[in-house]
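The block underneath contains the structure these notes are about, expressed in structure tokens.
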Amino acid sequence: MDAVRVRFAPSPTGYLHIGGARTALYDWLLARKTGGQFILRIEDTDRSRLVADAVQDIKDSLRWLGLDWDEGPDVGGDAGPYFQSERLAVYHQYATQLVQTGKAYYCFCTPERLAEMRKKQEQAGEPSGYDRFCRELPAEEVEKKLAAGEQYVIRFKTPLTGQTKVHDELRGEMLFDHQTLDDFVVLKSDGFPTYHLASVVDDHLMGITHVIRGEEWIVSLPRHFLLYAAFGWEPPAFIHLPIFLAPDGKGKLSKRHGATGVSEFKAKGYLPEALVNFLLLLGWHPATDQEIFTLDEAVAAFSVERINTSPVNFSLDKLDWFNGIYIRKLSHEELAKRVLPFLQKDGLLPDPCPPERFAYLVRLMPLVQERIKLLSDISQAVGYFLREEIDPPAPELLLGKKGTVAETALLLTEAATVLEKVTDFNEENLEQTLRALAEKLQIKPGQLFMPVRVAVTGQTATPGLFELLAALGRERVLKRLKQAVAVLERAGAES
RNA sequence: GGUCCCAUCGUCUAGGGGUUAGGACACCGCCCUUUCACGGCGGCGGCAGGGGUUCAAAUCCCCUUGGGACUACCA
């Protein structure tokens with residue numbers, strides 16, 4: 001495929017949505033695969049819905065995912081500006097051109113009249129759409145209203161008859177009757193363009209060859225083809241991606257279905273590698289049955305032809321699996337780095353983190369790496385390592401299913417005694433010592449190990465006991481064993 | 001209501017005239033094992049329905065049904 005120019009054109013009305021992230025990913029992949037350009041364009045033409053931090057969140061999220069843009073905010077480019085709000089003169093020029101060539105007209109209808117019109121249409125069960133009240137206004141009247149400073153919009157003069165044939169790379173040709181289209185607004189009364197005008201003009205001016213966007217735009221395709229024809233321009237290739245449905249399959253994915261923003265996934269402890277891999281396979285499938293992809297591998301394997309057209313249920317199960325896979329791929333050092341902010345947020349490590357504490361964190365990584373699914377699981381997983389003391393475990397937890405208070409207290413006391421004497425407090429010695437103790441007490445190893453585990457961690461699910469004890473260090477182990485014995489003695493006295 | 005899109009296990013999907021309908025996640029079981037996890041092995045589970053076309057249909061066509069999108073001076 002020849003080098004391609006693609007754009008991701010989000011509207012800064014909120015954070016970067018997970019659906020938008022997939023669109024950006026496919027854009028980026030296509031650009032990288034063909035040696036073309038990936039352009040970021042901000043479609044800030046709706047002043048009323050503008051969100052202050054949105055652009056920052058979009059840029060941060062894109063970078064976090066590893067999707068760098070060749071032209072756009074912060075990096076510039078020859079086809080700018082890349083904020084539509086800075087291109088108003090351009091849209092005004094083309095809108096005016098449309099009017100002058102008889103392809104569009106001024107409309108002075110008030111929002112009130114439009115609302116009333118819609119109401120009547122609804123009541124009558126008629127198809128909705130502008131009733132073309134201003135379409136044939138005499139030129140003198142238009143001049144008069146304009147001169148009087150009346151508010152106006154510019155509407156496209158959709159042909160009354162005939163049809164427009166549109167083309168989508170995935171679905172092929174689609175036919176739309178002009179009768180089902182109305183005279184849509186291209187320039188709003190505040191001087192800003194609508195999406196239809198702005199995107200068509202910009203895509204043409206910026207030399208966009210492939211438009212990748214959500215399926216919800218298919219219905220608007222005929223308008224866009226009409227605009228291209230009106231300007232005498234060749235339309236780019238259109239690729240409409242299947243929309244994301246809510247996990248239950250009922251309706252479009254939205255905020256009420258949990259996290260939908262890329263930054264939320266980041267905050268929850270998902271790795272960008274995992275999110276990208278997950279998104280990659282949501283609507284696209286390689287020719288092989290490979291499932292794990294680096295960004296580079298994805299670039300090599302990606303092809304537009306293998307994008308799917310059926311709607312996708314956005315279910316998170318597989319994302320968790322991907323996250324585990326990628327967590328296990330990281331080096332101990334790198335994992336520690338990624339996990340650090342979560343520990344700092346939970347107050348388990350200071351910010352900044354002193355080197356020796358970080359080194360200890362790295363030392364802990366092999367113990368927990370295959371046990372956490374989310375980076376945010378880390379506090380639960382290493383809390384008892386990072387704290388000097390732990391809360392005394394509940395007696396029931398120490399006893400397990402069939403232990404008695406007296407027996408367990410004895411076990412733990414014995415354990416403390418032998419552990420105090422271990423010469424070198426390492427994994428191997430610890431295992432030898434404790435297995436020997438179990439044998440001496442004539443109990444199964446597990447009967448000894450579980451109470452010890454609970455005594456020193458407060459949890460029943462932990463990394464291997466001996467590596468854990470070694471990482472904890474003799475002092476804390478003994479202290480916690482004694483604390484547990486005290487808990488049991490107190491429980492024994494009470495009953 | 002109108003216009004348009006879509007339809008293979010619960011989910012993501014492969015398969016596009018002849019397959020025991022394949023894989024992954026999830027779930028269940030077994031193995032490994034001091035717990036948890038990882039890993040290994042196995043299992044459960046699907047072509048929405050009806051008509052055609054054809055020697056042969058998950059696959060092509062039509063209808064029905066179901067789901068979804070759009071229906072703004074939002075994108």
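Just the heavy atoms: all of them, side chains too, but no hydrogens, waters or symmetry mates, feed the values below. Remember, predicted model here, so these are calculated numbers, not experimental data. The chains referred to below are lettered A, B, ... by the order of the sequence lines, with proteins before strands, and numbering in each begins at 1.
- For the pair Ser128(A) and G1(B), the criterion of a side-chain N or O lying under 4.0 Å from OP1 or OP2 is not met.
- One finds no side-chain N or O of Arg223(A) lying less than 4.0 angstrom from the OP1 or OP2 phosphate oxygen of A72(B).
- A26(B) atom C1' lies 16 Å from atom CG of Asn323(A), rounded to whole Å.
- Under a cutoff of 6.0 Å and an axis angle of 45°, Arg41(A) and Phe8(A) do not form a cation-pi pair.
- Distance Gln163(A) CD to C4(B) P: 10 Å, rounded to the nearest Å.
- When rounded to the nearest whole Å, the span between CD of Gln179(A) and C1' of G2(B) equals 12 Å.
- Using a 4.0 Å cut-off, no side-chain N or O of Arg371(A) falls inside it from OP1 or OP2 of C38(B).
- When the side-chain nitrogen and oxygen atoms of Asn308(A) are compared with OP1 and OP2 of C12(B), none of them lie within a distance under 4.0 Å.
- Donor-acceptor pairing under 3.5 Å is recorded for the side chains of Asp320(A) and Tyr270(A).
- Using cut-offs of 30° and 60° for the angle between ring planes, the Phe238(A) and Phe225(A) rings count as tilted.
- Summary of the strand contacts: Asn313(A) and Ile325(A) both lie near RNA chain B, and taking for each the nucleotide with the nearest heavy atom, the more 5' one is attributed to Asn313(A).
- Listed pair Arg49(A) / A75(B) fails the phosphate criterion, with no side-chain N or O lying under 4.0 Å from OP1 or OP2.
- Taking the ring axis of Phe184(A) as reference, the NZ or CZ atom of Arg223(A) stays within 45° of it and closer than 6.0 Å to the ring centre.
- In this model, the phosphate group of U13(B) is not approached by any side-chain N or O of Lys318(A) to a distance below 4.0 Å at OP1 or OP2.
- Using a 4.0 Å cut-off, no side-chain N or O of Lys252(A) falls inside it from OP1 or OP2 of G67(B).
- Rounded to whole Å, the distance from CG on Leu282(A) to C1' on C25(B) is 12 Å.
- For Asn277(A) and C25(B), the CG to P distance is 13 Å, given to the nearest whole Å.
- Contact between the side-chain N/O atoms of Arg328(A) and the OP1/OP2 oxygens of G39(B) is found at a separation under 4.0 Å.
- Under the Watson-Crick or G-U wobble criterion, with both distances below 3.5 Å, U3(B) is paired with A69(B).
- Here the separation of A26(B) from U11(B), taken at their P atoms, is 16 Å to the nearest Å.
- Taking atom CZ of Phe108(A) as the reference point, atom P of C73(B) lies 16 Å away to the nearest angstrom.
- The base of C73(B) lies close enough to the side chain of Ser189(A) for a donor and an acceptor atom to sit less than 3.5 Å apart.
- If you find the closest nucleotide of RNA chain B to Val312(A) and to Thr460(A), the one lying nearer the 5' end belongs to Val312(A).
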